Amino acid sequence: MTAAEIPWPSPPGRKKDPILNRMKSERYNAREAEPRWQKIWDEREIFKTKNDDPRPKYYVLEMFPYPSGRIHMGHVRNYTMGDVVARYMRAKGHNVLHPMGWDAFGMPAENAAMANKVHPKAWTYENIATMKKQLKSMGLSLDWSREVATCDPSYYQHQQKMFLDFWKAGLVERKTSKVNWDPVDMTVLANEQVIDGRGWRSGAEVEQRELTQWFFKITNYSEELLSALDTLDRWPEKVRLMQKNWIGKSEGLLCRFMLAKPQGGHGEIEVFTTRHDTLFGASFVAISPDHPLAKSIAAQNPKATAFIEECKKMGTAQEAIDKAEKLGFDTGIRAQHPFDAKWELPVYIANFVLMEYGTGAIFGCPAHDQRDLDFARKYKLPVLPVVVPEGIDPKTFEIGTEAYDGEGRLANSRFLDGMTIEEAKEEVAKRLERETRGNRPVAQRQIQYRLRDWGISRQRYWGCPIPVIHCVKCGVVPVPDKDLPVVLPEDIEFERPGNPLDRHAAWKKVSCPKCSGAARRETDTMDTFVDSSWYFLRFTAPDAKTPTDAKAVNYWMPVDQYIGGVEHAILHLLYSRFFTRAMKATGHADLDEPFKGLFTQGMVVHETYETKDGTFVSPAEIRIEGMGDARTASLLSNGEPVSIGAIEKMSKSKRNTVDPDDILSTYGADTARWFMLSDSPPERDVIWTEEGVQGAHRFVQRLYRLTNEIAEIAAPENVSRPAEFGAEATAIRKTAHTALARVGEDIEKLRFNRCVAHIYEAANSLGSAVSKTGGAKPSAHLAYAFREAGDIMIRITEPMMPHLAETCWSALGHKNLVTEQAWPKLESSLLLEDEITLPVQINGKKRADVTVPRDANNADIEKAVLALDAVKKALEGKRPKKIIVVPQRIVNVVA
RNA sequence: GCCCCCGUGGCGGAACUGGUAGACGCGCCUGACUCAAAAUCAGGUGGCCGCAAGGUCGUGCUGGUUCGAUUCCGGCCGGGGGCACCA
């Protein structure tokens, strides 16, 4: 369709008498206008992005949704924000990539399959269709031609290929790990699916099981993932901190404690410590109940066995007993102090020592570690302070019930006495590194990370199959590239618990690619976090025959602005950072950090309503009367009173959700978008209120009316610029250009609430200017100013309310699309005032104003200030002690 | 327990690097239009004193630095988030 054929709406209300016209002017009908503009954008393919465009690129991405069924308000907020950025950057002359896809594998599809006997695939694709329609009705400027769904073989085949490449590169490992096993559903549960030690669905007590699982070796990149956080200066500090803590680097010492008497083949205990400075304060050694030495002791000692069993129970008994008492079992074994073989320390099995961290063994220094102190007090072990705060006499320094973990100087520590903690650590490390027992140094420096390898195995159907074959003869064999993808079988049944793939004999049965003998397929599928770890790369070339297209990746990556919920601060974002590096290592990409800018938006929250019997009811089911503290709610159905509860995240269980479809069909997409952007800063939670939505909707109508009024008096589109402007015209132009400057600036900083305020402010000011004309035909320069201001207003509104902006743009007489217009050129000279009014303070309190020329010097300003009545009065004829002039800001007279 | 963030009118929130506290919106009050209502338009709206001009207090509490503090520093109180026997 060419421009001439576009069915341009005739500008409404173009009649002779503007006053009469204003009264009659019809309302903006979003329901009619929005689909019409969407269709025009669609037909002209204006959001379709080319990979070979000479303009500078800009990649804006919102976290893609899980196709749960319908979009929710959180999506509306998230995608509106991204769309504002996308539309703005397009107007600023960038080639913008703004794609959308579906995080389409995952458990809800399997749960739905079990509950409703619908195939996960059918369920997922139906949801995608519904949600796509909903997203389209929001008027998002997305390039839908790049849409991907992670459950489609055309997507996951590449993931399988990369899994194999990672494997070749040594980034995949198969090892045993502890999992939460639901014995009834016969499946592995994620931590969040274990509630009070029981499976969330079956209610069965969850067991800890050792299973052989597939892992990605993310720990190979611990140090890099940590240090590169410093380069992510456009990420929220909070997220970087969370990742830093998650990686949990600590520098310490691996130190061997020789046993006085060897025990079942164990001649020593290796300990990891970060406080080797306190070694002379040691009073015991403790090992984990899972430590090999503990097992060897248990083999001969029933009491030890009983204690270890006790500890295991404690482990499953959940967080309530998290503050569990420190318990230990004295093994009777004695360990020698590394600096003094005659000094023997008791060895305990202790419930608070974790096998998964460090070496599974510690030495306890009660004076300087709270846990060790609690333990020592319980078992009456010595407590000797060895670090004493500066200025305190070591002889009088005593430890009561609180360990001292602050700064200080060493004491009671032989050759370390008087040193700082750092000096003592260095000295201890140096000496023990040199000392040897059995030809090995006693200690070595070690860097320890909390980060563990990423277990990607899931015993589930609806996920990406791990492309591996198990052969009795050849062991674990990769599926050859030519046999990819390993496609999920569709004929599966969910009647019985367990993994349907594991029960699918025909699918499982396969011949070994190496020896052609009988073999079986791996039935684990991948964690869905794998799917979302590279979709942003796939968007750059969604049809490439290989996982990525080098040229496209190099052109588009990194993502310039990524927007999503803070709940993904750690896992998704850390996995993606790892995956991008792994793809670099295997030649699928050429960068380290995928997301240059990250923004985490707040949630959408709403009041909750609860009936007397404690059931939650939805906002749609109630009526609210009164205001402020006197607000009351009652059920629409029977008038029964309902209590108004806390404001919480919208959730199905609290029934405090508002369906975007209802809002869209009542008020239109622009109202919803505008409300989502107003008031609350984007990183904070926004409270959804009916009043707020109505306020937003009022502005939609107001801007529409204002535009039509401006259209009446504005100069024609192409009239040439007058040489001079009067005061009124200049004021109008200042209003428009100030808004232009501020809105642009604030979009770039993602401060959408302020953009909204600027537009309100400008609309107020332009409204007054229009009223002042009283309907009379304005002079040429004033008419020009109105034309300019009207155009600017609508152009800067478009990123936020694109449909309304198109309607207004055509009302202003334009025959093209505002969406395709460049961002207006700022006349910055208009932002400068000729005269400025400075507040005048006397002793720090504002007492007057003084108006001076913009470029007045300090002496002139001082003179003007001293001439003010208020200042004269305050000084009572005396000279001021001091006058502080802050240029362009303020004057303070110190009397 | 450790780490981080946040406390501003009736409400959501503005206030750039220490420089007029309360922009903008919601709500409320008054007026215009209307038979009336809604919508719309005009005006007002932190507390206290005052007819007013104006004064005075005021950014969780409390000290401090400064000519000047919502902003910086110390202590306390309240709310939210992250991690959690991490050696």
Side-chain angles (χ1 to χ4, degrees), chain A residues 22-23 25 27 236-239 241-246 248-250 252-253 271-276 278 286 288 314-315 319 322-326 350-354 356-365 369-372 374-375 405 448-450 566-567 569-570 627-629 674-675 678-681 683-687 689-696 698-699 701-702 705 745 749 751 753-764 767-768 771 837-849 870 880-895:
Chain A
R22 197 183 307 171
M23 288 182 333
S25 75
R27 289 169 64 79
E237 190 52 47
K238 183 176 143 176
V239 174
L241 190 70
M242 281 163 74
Q243 293 211 352
K244 184 176 173 235
N245 292 338
W246 186 262
K249 177 181 183 175
S250 51
L253 201 66
V271 150
F272 175 69
T273 178
T274 57
R275 289 301 303 269
H276 32 295
T278 65
S288 163
M314 194 93 80
E319 296 148 29
D322 226 13
K323 290 204 166 175
E325 206 183 350
K326 312 277 170 284
N351 65 348
F352 64 90
V353 182
L354 304 174
E356 292 77 34
Y357 188 78
T359 60
I362 62 157
F363 83 81
C365 176
D369 182 289
Q370 192 60 44
R371 250 175 349 197
D372 295 350
D374 295 344
F375 190 82
D405 59 3
Q448 193 73 39
Y449 298 90
R450 204 186 77 103
V566 74
E567 64 272 19
I570 296 174
M627 59 190 68
D629 291 341
W674 188 247
F675 177 65
S678 0
D679 290 358
S680 289
E683 68 279 7
R684 271 198 235 173
D685 292 350
V686 62
I687 304 171
T689 62
E690 192 58 26
E691 290 80 15
V693 182
Q694 281 168 6
R698 264 203 297 277
F699 183 69
Q701 298 297 347
R702 190 148 78 88
R705 279 195 306 275
E745 201 177 298
K749 292 178 181 161
R751 295 195 294 208
N753 57 322
R754 303 208 324 179
C755 297
V756 168
H758 301 322
I759 288 179
Y760 271 120
E761 214 168 350
N764 288 346
S768 312
S771 294
T837 298
L838 296 173
V840 177
Q841 292 182 335
I842 295 165
N843 294 329
K845 295 200 172 189
K846 197 214 160 187
R847 287 294 127 110
D849 289 304
K881 285 204 191 99
K882 203 172 173 187
I883 298 180
I884 297 151
V885 179
V886 184
Q888 311 296 313
R889 283 260 178 245
I890 201 167
V891 182
N892 192 8
V893 179
V894 185

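Since we're looking at a predicted model, the values are computed, not measured. Per chain, numbering begins at 1; letters A, B, ... match sequence-line order.
Atom CZ of A:Arg889 and atom P of B:G19 are 6 Å apart (whole Å). Straight-line distance from the CE atom of A:Met242 to the C1' atom of B:G81: 8 Å, rounded to whole Å. In this structure, A:Asn764 atom CG and B:C24 atom P are separated by 7 Å, rounded to whole Å. For A:Lys238 and B:C83, the NZ to C1' distance is 13 Å, given to the nearest whole Å. With rounding to whole Å, A:Trp674 atom CH2 is found 11 Å from B:G25 atom P. A:Asp372 places its CG atom 11 Å from the P atom of B:A87, with the value rounded to the nearest Å. Taking atom NZ on A:Lys249 and atom P on B:A87, their separation rounds to 14 Å, with Å as the unit. Distance A:Leu253 CG to B:C86 P: 19 Å, rounded to the nearest Å.
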Can you name the atoms? Protein N/O to nucleotides 39-46 of chain B N/O, anything below 3.5 Å, with the distance.
from  : atom 1 : to       : atom 2 : distance (Å)
B:U40 : O3'    : A:Arg705 : NH2    : 3.2

Collect all protein-nucleotide pairs involving nucleotides 52-60 of chain B in which both atoms are nitrogen or oxygen and the distance is under 3.5 Å.
from  : atom 1 : to       : atom 2 : distance (Å)
B:U56 : OP2    : A:Arg847 : NH2    : 3.2
B:C57 : OP2    : A:Lys845 : NZ     : 3.2

Any N/O pairs under 3.5 Å between the protein and nucleotides 65-68 of chain B? List them or say none.
from  : atom 1 : to       : atom 2 : distance (Å)
B:C67 : O2'    : A:Asn892 : ND2    : 3.3
B:C67 : O2     : A:Asn892 : ND2    : 2.4

Between protein and nucleotides 12-14 of chain B, what N or O pairs are separated by less than 3.5 Å?
from  : atom 1 : to       : atom 2 : distance (Å)
B:G12 : O2'    : A:Ser680 : OG     : 3.2
B:G12 : N2     : A:Asp679 : OD1    : 2.9
B:A14 : OP1    : A:Asn753 : ND2    : 3.3
B:A14 : O3'    : A:Arg754 : NH1    : 3.3

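The P atoms of B:U70 and B:C61 are separated by 11 Å, rounded to the nearest whole Å. For the C1' atoms, the distance linking B:C6 with B:A87 amounts to 33 Å, nearest Å. One P atom belongs to B:C16, the other to B:G60, and the distance between them is 16 Å to the nearest Å. Separating the C1' atom of B:A14 from that of B:U20 is a span of 14 Å, rounded to the nearest Å. Distance check on atom C1': B:C67 versus B:A53 gives 28 Å, rounded to whole Å. B:G31 and B:G81 have their P atoms separated by 46 Å, given to the nearest Å. Taking atom C1' on both B:C49 and B:G43, the two are 24 Å apart, rounded to the nearest angstrom. One P atom belongs to B:C73, the other to B:G19, and the distance between them is 15 Å to the nearest Å.
Here A:Lys244 pairs with nothing under the salt bridge (charged side-chain N to carboxylate O under 4.0 Å, His left out) rule; sequence neighbours left out. Partners of A:Glu691 under the salt bridge (charged side-chain N to carboxylate O under 4.0 Å, His left out) rule, at least two apart in sequence or in another chain, do not exist in this structure. A:Asn764 pairs by the side-chain contact (heavy atoms from CB on, under 4.5 Å) definition with A:Arg702, not counting sequence neighbours. Residues that satisfy the salt bridge (charged side-chain N to carboxylate O under 4.0 Å, His left out) test with A:Asp849, not counting sequence neighbours, are A:Lys846. Annotation: side-chain contact (heavy atoms from CB on, under 4.5 Å) contacts of A:Asp405 (sequence neighbours excluded): none. Not a single side chain to side chain donor-acceptor pair (under 3.5 Å) links A:Glu761 to another residue, sequence neighbours left out. A:Asp369 pairs by the salt bridge (charged side-chain N to carboxylate O under 4.0 Å, His left out) definition with A:Arg371, not counting sequence neighbours. When the side-chain contact (heavy atoms from CB on, under 4.5 Å) test is applied to A:Glu567, no partner is found at least two apart in sequence or on another chain.
For B:G74, the O4'-C1' to base torsion is more than 90° from 0; the nucleotide is therefore anti.
Mapping A:Ala361 and A:Gln694 onto RNA chain B by nearest heavy atom places A:Gln694 closer to the 5' end of the strand. Each of A:Trp246 and A:Gly360 was assigned the nucleotide of RNA chain B with the nearest heavy atom; the assignment lying further toward the 5' end belongs to A:Trp246.
Side chain of A:Thr273 to backbone of A:Leu253: no donor-acceptor contact under 3.5 angstrom is found.
Counting any heavy atom pair closer than 4.0 Å across all strands shown, A:Phe272 reaches a base atom. Counting non-hydrogen atoms under 4.0 angstrom, A:Val353 reaches a base of the nucleic acid. Here A:Asp369 lies out of heavy-atom contact (under 4.0 Å) with every strand.
The shortest distance between side-chain heavy atoms of A:Phe699 and A:Ile759 falls below 4.5 Å. Under the 4.5 Å side-chain criterion, counting only non-hydrogen atoms from C-beta, A:Val566 is in contact with A:Lys238.
Using Watson-Crick or G-U wobble geometry with both donor-acceptor distances under 3.5 Å, B:U40 finds its partner in B:A32.
Here the side chain of A:Asn245 is nearest to one of B:C85, B:C83, B:C3, namely B:C3. Here the nucleotide nearest the side chain of A:Ile362, chosen from B:A84, B:A87, B:C85, is B:A87. When distances are taken from the side chain of A:Arg371 to each of B:A84, B:A87, B:C85, the shortest belongs to B:C85.
In this structure, A:Tyr760 does not reach the B:G25 phosphate: none of its side-chain N or O atoms is under 4.0 Å from OP1 or OP2.
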